[in-house]
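Atoms considered below: every heavy atom in the structure, side chains included; atoms not considered: hydrogens, waters and symmetry mates. Every chain is numbered from 1 and lettered A, B, ... according to where its sequence line falls, protein lines coming before strand lines.
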There are 2 protein chains.
Amino acid sequence: MTSVPDSIAGLARALRRESIADLFRRDPQRVPRLTLSWDDWRVDISKERISPEALARLVSHAESLNLPHWIAALFAGEKINLSEGRPVLHTALRQRDDAPLAVDGRNVIPAVRAAQAQIRTLADAVRSGARRGATGQPIRSVVHIGIGGSDLGPRLVCDALPPTADAIDVAFVSNVDPAQLSRALAPRDPATTLFVVVSKTFTTQETLANATSAREWLAAALPPGADVGSHFVGVSANVPAAHAFGIASADVLPMWDWVGGRYSLWSAVGVPIAIRHGYAAFASLLAGAAGMDTHFRTAPLERNLPVVLGLLGWWNAAVLGHSQRIVVPYSQALARLPAYLQQLTLESNGKRVTREGAPVSGPTAPALWGDTGTDSQHAFFQWLHQGTHVVPVEFIVPVRAQEPRGRQQTLLVGNAIAQAQALMIGRGGDALQREVATLGLPAAQQHAAFAARECPGNRPSTTLLLPTLDAPNLGALLALYEHRTFVESVLLGINAFDQFGVELGKSLATPVIAALADANTAIEADPSTRALTIHARHLAAKE
Amino acid sequence: MTSVPDSIAGLARALRRESIADLFRRDPQRVPRLTLSWDDWRVDISKERISPEALARLVSHAESLNLPHWIAALFAGEKINLSEGRPVLHTALRQRDDAPLAVDGRNVIPAVRAAQAQIRTLADAVRSGARRGATGQPIRSVVHIGIGGSDLGPRLVCDALPPTADAIDVAFVSNVDPAQLSRALAPRDPATTLFVVVSKTFTTQETLANATSAREWLAAALPPGADVGSHFVGVSANVPAAHAFGIASADVLPMWDWVGGRYSLWSAVGVPIAIRHGYAAFASLLAGAAGMDTHFRTAPLERNLPVVLGLLGWWNAAVLGHSQRIVVPYSQALARLPAYLQQLTLESNGKRVTREGAPVSGPTAPALWGDTGTDSQHAFFQWLHQGTHVVPVEFIVPVRAQEPRGRQQTLLVGNAIAQAQALMIGRGGDALQREVATLGLPAAQQHAAFAARECPGNRPSTTLLLPTLDAPNLGALLALYEHRTFVESVLLGINAFDQFGVELGKSLATPVIAALADANTAIEADPSTRALTIHARHLAAKE
């Protein structure tokens with residue numbers, strides 16, 4: 001699978017011999033031919049090291065790998081998560097109509113609608129003040145406890161949507177480090193705080209540890225005999241365990257095997273979104289994602305945003321050999337987007353074997369990291385412009401501000417566009433020579449001064465312009481990246497929907513934790529692991 | 001420079017043929033020989049692909065490149081920032097005694113002490129309530145406005161130190177995106193808010209835009225004729241510009257050419273640390289860093305933490321060819337550490353020419369990214385364990401909690417140690433075969449089930465254990481990474497202290513911004529930049 005067909009490798013070799021700037025000179029139609037539109041969005045890949053011919057060849061390659069079949073199978077609820085024998089139906093969560101969708105012969109849409117009704121009821125009750133705590137006071141704030149997929153998606157969306165005056169305060173606690181919970185609890189009143197505990201199995205160690213500490217905090221602060229359980233809501237597939245923890249069955253919202261953790265913000269896992277921003281905002285988010293679903297399902301491959309971005313991602317990683325990808329949202333509200341996309345792509349496609357268990361013959365998912373613009377310009381852009389590693393960059397730019405201030409938004413958008421330009425065109429030649437000459441340096445220093453300022457350019461990027469960051473556009477943006485990740489997995493021939501690599505560390509932690517907790521417990525491990533455990537135990541005992 | 005001597009390349013070739021686990025079998029003394037101690041710290045590099053012999057050879061190589069001379073030159077205030085003709089004296093900011101240190105014939109220590117007195121006076125005045133706003137009410141909260149080095153360091157430290165009951169609320173605004181300022185202002189009372197505006201030149205576009213918007217916010221809310229300027233403090237080398245903005249000269253704290261932005265948290269740029277946590281905490285931070293300075297200056301190279309980590313970093317990047325480095329602090333308080341280190345290393349060593357202006361012959365700084373543990377285990381660790389890219393990981397583990405809760409800290413530390421173990425030992429062989437057999441799968445599926453679960457292991461990491469995260473340990477940790485970055489620059493033969501690569505994007509932004517703001521302004525640029533500018537202008541006009 002993933003092995004690169006000769007014709008594609010040949011196109012890459014030819015393109016490597018040219019500068020990206022030269023590609024514009026050769027083809028006056030390069031921009032329209034390498035710009036995708038969807039609604040008011042523009043995705044410009046013309047500054048990438050690719051040509052319309054190469055893109056057409058990639059589309060054929062995707063067809064030869066049955067991409068259209070895989071897309072149809074995804075939406076049809078086929079069990080494309082082969083290793084776990086499950087369908088992958090986060091798209092069902094945003095399906096607009098009630099067309100039946102069967103999993104193991106049973107229509108899941110009624111369960112989706114029932115869960116949505118539960119989300120709405122809970123969100124409305126908290127927002128209206130009808131939901132009360134053990135002392136009878138209305139709930140005023142929420143602490144969401146979950147980790148990984150139960151945290152990153154809802155947190156991103158809660159942060160990204162513009163806060164309105166009636167927004168409910170929501171804190172997110174994920175890390176088992178007690179510092180995070182302590183900081184979330186410090187400003188809160190136990191009598192008016194609701195905890196949402198999210199774990200599919202209700203056994204996730206971090207989540208249960210934090211939920212247990214939260215329960216102790218409530219029990220210590222509320223009057224004796226108070227109904228501590230009334231301050232908890234669960235989101236889980238394991239209702240008995242949630243019930244055993246002390247959560248009323250009616251307060252447990254569902255999770256299903258056919259929605260993976262990193263695709264779960266559209267389910268009841270996203271309940272803090274509805275609580276904070278209102279159910280209407282949550283529904284708009286789903287509708288925006290549904291719009292992208294329709295586009296993905298129906299648009300021709302060569303004009304299909306997730307498909308073309310997936311092809312480009314595979315081209316950059318597997319064909320051109322880039323081991324990294326950088327995402328820079330020019331939007332403070334999207335500060336958590338790189339972390340969200342990092343999990344989405346690296347947990348999905350950070351694999352080394354095909355669906356059938358054969359080693360993948362080339363690289364799979366490249367690293368994905370990034371931060372917001374304009375901050376990144378003052379952090380790692382030096383390295384992008386003048387370092388020795390060339391890494392493709394994706395600029396994500398919502399054009400209109402959620403709340404304008406002076407000309408700040410214009411500065412923001414202008415910087416994004418100019419950085420993409422700078423990466424491509426670089427700085428050097430006669431213009432820089434003239435600049436350096438004005439510095440009045442001794443002749444012996446002029447060469448070093450020129451070299452220190454020279455930027456080679458010829459560095460690829462994609463720019464995505466979207467009108468503004470509201471719930472529908474955000475939903476579509478996240479769905480775009482979900483589907484793009486799926487497209488990349490099809491090109492790699494891997495299953496994007498399991499994550500067996502996370503099991504090993506969990507099982508190895510148990511004996512280390514036991515040895516840390518008890519000096520009489522020996523640990524069977526390599527000498528380094530033993531020495532670290534013993535030193536950590538020694539330091540802990542100094543407390 | 002940076003070219004790899006044959007003897008070092010030969011050692012690397014030999015080490016590549018063995019698994020890291022095998023290296024332990026061959027040398028029973030591997031852990032003590034590859035563990036560094038400093039105070040109660042342990043830095044264990046035995047799980048890296050390196051040997052004591054290779055490390056010794058790297059030390060010789062560093063000596064041949066005059067590393068001891070460069071270290072001495074740094075502390076002596078020599079003009080080692082050659083391209084800008086400046087010394088690099090952030091270490092002077094934490095010097096404990098008053099031994100004179102001359103820059104251009106003038107002792108700078110009195111100026112450092114005077115600035116520290118100003119920081120202390122301001123911090124004490126805000127914390128005691130003596131500092132009042134225009135309406136006479138005491139200042140209660142602070143908004144720090146700065147970007148890049150004027151933001152990342154102070155923000156990291158403000159977040160990382162444990163908040164006490166009397167901690168002053170400090171928000172950080174860096175991005176030109178108006179959303180960040182709006183969110184910082186929303187919960188604040190203009191009458192009791194102080195703005196700290198940090199810009200060496202007082203011309204940084206983001207900082208001035210945010211400061212101007214803040215001034216408008218104050219002017220609109222305070223009584224007519226109120227002294228809006230009394231709500232501002234400046235940190236700048238350009239006193240006249242700060243004064244012109246409306247800041248009283250006495251409220252402008254100094255910056256100097258001999259302290260780079262990414263090394264400036266120890267200067268008046270760190271004033272929010274002293275305001276939030278008290279001057280004593282700030283002084284402890286400086287003292288911790290000074291302890292690491294002494295170690296760096298005096299310890300033998302082979303037992304010198306910054307030196308050995310610098311050698312290892314160069315070995316991994318330039319000799320073994322890793323293009324990335326991942327940092328995972330198992331500490332929520334250090335959530336911003338990866339972003340801070342990203343700027344420190346990538347802006348310092350993301351270069352392509354030597355001090356003399358010759359092209360560097362190999363790779364310079366690898367990418368640096370990461371996130372906190374245990375969250376990362378549920379995000380990108382799948383990719384680390386089972387992806388096709390091998391990336392060295394640095395685990396940073398403060399052992400004792402700032403504020404313990406149940407056994408959460410033990411879970412946290414145990415997970416860190418177990419993940420390093422898992423990366424090295426992997427999962428497979430007979431044990432996994434037996435596990436898969438218990439799944440009861442059809443024979444045809446057993447191979448794929450095994451392959452999906454197999455982790456190859458043999459993936460390198462370093463683990464740094466420190467006793468706890470308090471001001472002295474944090475100061476030492478940050479100084480360690482500063483010096484390590486410097487060591488890497490010496491091995492690369494580059495100047496770590498300039499950043500000319502950031503200039504180009506700034507100058508290209510001006511015409512794009514002009515064209516965005518005015519439809520009659522044409523833009524001279526490549527077709528992609530033109531098309532993006534025109535579409536963004538079109539979207540902006542729809543508002």
Evaluate Glu206(B) against His378(A) for side-chain contact (heavy atoms from CB on, under 4.5 Å), listing each step before the verdict. CA-CA 10 Å; Glu206(B) 292 91 341; His378(A) 299 260; 3.0 Å; yes

Under 4.5 Å from a heavy atom of chain B, the part of [X] involved:
{"X": "Thr468(A)", "result": "neither"}
{"X": "Gln409(A)", "result": "both"}
{"X": "Ser46(A)", "result": "side chain"}
{"X": "Arg30(A)", "result": "neither"}
{"X": "Gln421(A)", "result": "both"}
{"X": "Asn210(A)", "result": "both"}
{"X": "Gln445(A)", "result": "neither"}
{"X": "Pro162(A)", "result": "backbone"}
{"X": "Asp375(A)", "result": "both"}
{"X": "Ala365(A)", "result": "both"}
{"X": "Val353(A)", "result": "side chain"}
{"X": "Arg262(A)", "result": "neither"}
{"X": "Gln180(A)", "result": "both"}
{"X": "Leu466(A)", "result": "backbone"}

Among [options], who wins on heavy-atom pairs under 4.5 Å with chain A?
{"options": "Pro456(B), Pro163(B), Ala335(B)", "answer": "Pro456(B)"}
{"options": "Pro32(B), Ala379(B), Ser174(B)", "answer": "Ala379(B)"}
{"options": "Val413(B), Leu181(B), Val512(B)", "answer": "Val512(B)"}
{"options": "Arg405(B), His385(B), Gln377(B), Glu454(B)", "answer": "Arg405(B)"}
{"options": "Gly149(B), Gly261(B), Gly426(B)", "answer": "Gly426(B)"}
{"options": "Thr533(B), Leu465(B), Thr35(B)", "answer": "Leu465(B)"}

Which pair of heavy atoms, one from [X] and one from [Y], lies closest together, and at what distance?
{"X": "Ala209(A)", "Y": "Leu411(B)", "answer": "CB-CD1, 4.1 Å"}
{"X": "Pro363(A)", "Y": "Thr388(B)", "answer": "CA-OG1, 3.3 Å"}
{"X": "Gln342(A)", "Y": "Phe380(B)", "answer": "OE1-CD2, 3.4 Å"}
{"X": "Gly350(B)", "Y": "Trp383(A)", "answer": "CA-CD1, 3.6 Å"}
{"X": "Ala333(B)", "Y": "Arg183(A)", "answer": "CB-NH2, 3.8 Å"}

Pick from [options] with the largest number of heavy-atom pairs that fall under 4.5 Å of chain B:
{"options": "Leu34(A), Val391(A), Thr345(A), Val502(A)", "answer": "Val502(A)"}
{"options": "Pro178(A), Ala509(A), Ala451(A), Ala422(A)", "answer": "Pro178(A)"}
{"options": "Ile417(A), Leu412(A), Val176(A)", "answer": "Val176(A)"}
{"options": "His389(A), Gln499(A), Gln419(A)", "answer": "His389(A)"}
{"options": "Ala179(A), Ser331(A), Ala517(A), Ala186(A)", "answer": "Ser331(A)"}
{"options": "Asp498(A), Leu152(A), Val399(A)", "answer": "Val399(A)"}

Mind checking whether [X] and [Y] have side chains closer than 4.5 Å, heavy atoms only?
{"X": "Leu508(B)", "Y": "Ile425(A)", "result": "yes"}
{"X": "Ser213(A)", "Y": "Gln408(B)", "result": "yes"}
{"X": "Leu532(A)", "Y": "Lys47(B)", "result": "yes"}
{"X": "Arg42(B)", "Y": "Leu539(A)", "result": "no"}
{"X": "Arg530(B)", "Y": "Val31(A)", "result": "no"}

Against chain A, label [X] side chain, backbone, both or neither, depending on which of its atoms sit under 4.5 Å from a heavy atom there.
{"X": "Asp40(B)", "result": "both"}
{"X": "Arg537(B)", "result": "neither"}
{"X": "Thr204(B)", "result": "side chain"}
{"X": "Ser182(B)", "result": "both"}
{"X": "Ala536(B)", "result": "both"}
{"X": "Glu403(B)", "result": "both"}

For residues 366-373 of chain A, tabulate all N or O donor-acceptor pairs below 3.5 Å that involve a side-chain atom, not counting sequence neighbours.
from, atom 1, to, atom 2, distance (Å)
Trp369(A), NE1, Gln324(A), OE1, 2.9

Keeping to residues at least two apart or across chains, list the salt bridge (charged side-chain N to carboxylate O under 4.0 Å, His left out) pairs with something in residues 500-512 of chain A.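 Matches after skipping sequence neighbours: Glu503(A)-Arg427(B).
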
Please determine whether side-chain contact (heavy atoms from CB on, under 4.5 Å) holds for the pair Gln382(A) and Lys351(B), giving the CA-CA distance in whole Å, both sets of side-chain angles, and the decisive distance to 0.1 Å. CA-CA 8 Å; Gln382(A) 161 65 37; Lys351(B) 311 280 166 73; 3.4 Å; yes

When rounded to the nearest 0.5 angstrom, what distance separates CD in Gln402(A) from CG in Asp177(B)? 8.0 Å

Check the pair Arg407(A) / Ile513(B) against side-chain contact (heavy atoms from CB on, under 4.5 Å), numbers first and verdict last. CA-CA 10 Å; Arg407(A) 58 186 209 116; Ile513(B) 291 163; 3.7 Å; yes

Could you tell me whether a side-chain N or O of Gln386(A) sits under 3.5 Å from a main-chain N or O of Gly501(B), the two making a donor and an acceptor?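 A pair under 3.5 Å: yes.
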
Indicate yes or no for a side-chain donor-acceptor contact from Thr364(B) to the backbone of Gly387(A) under 3.5 Å, with no hydrogens or angles considered. no

Check the pair Arg453(A) / Leu504(B) against side-chain contact (heavy atoms from CB on, under 4.5 Å), numbers first and verdict last. CA-CA 9 Å; Arg453(A) 286 161 180 80; Leu504(B) 173 62; over 6 Å; no

Let me see the working for Asn415(A) and Gln205(B) under side chain to side chain donor-acceptor pair (under 3.5 Å), right down to the final yes or no. CA-CA 11 Å; Asn415(A) 271 281; Gln205(B) 62 171 355; 3.2 Å; yes

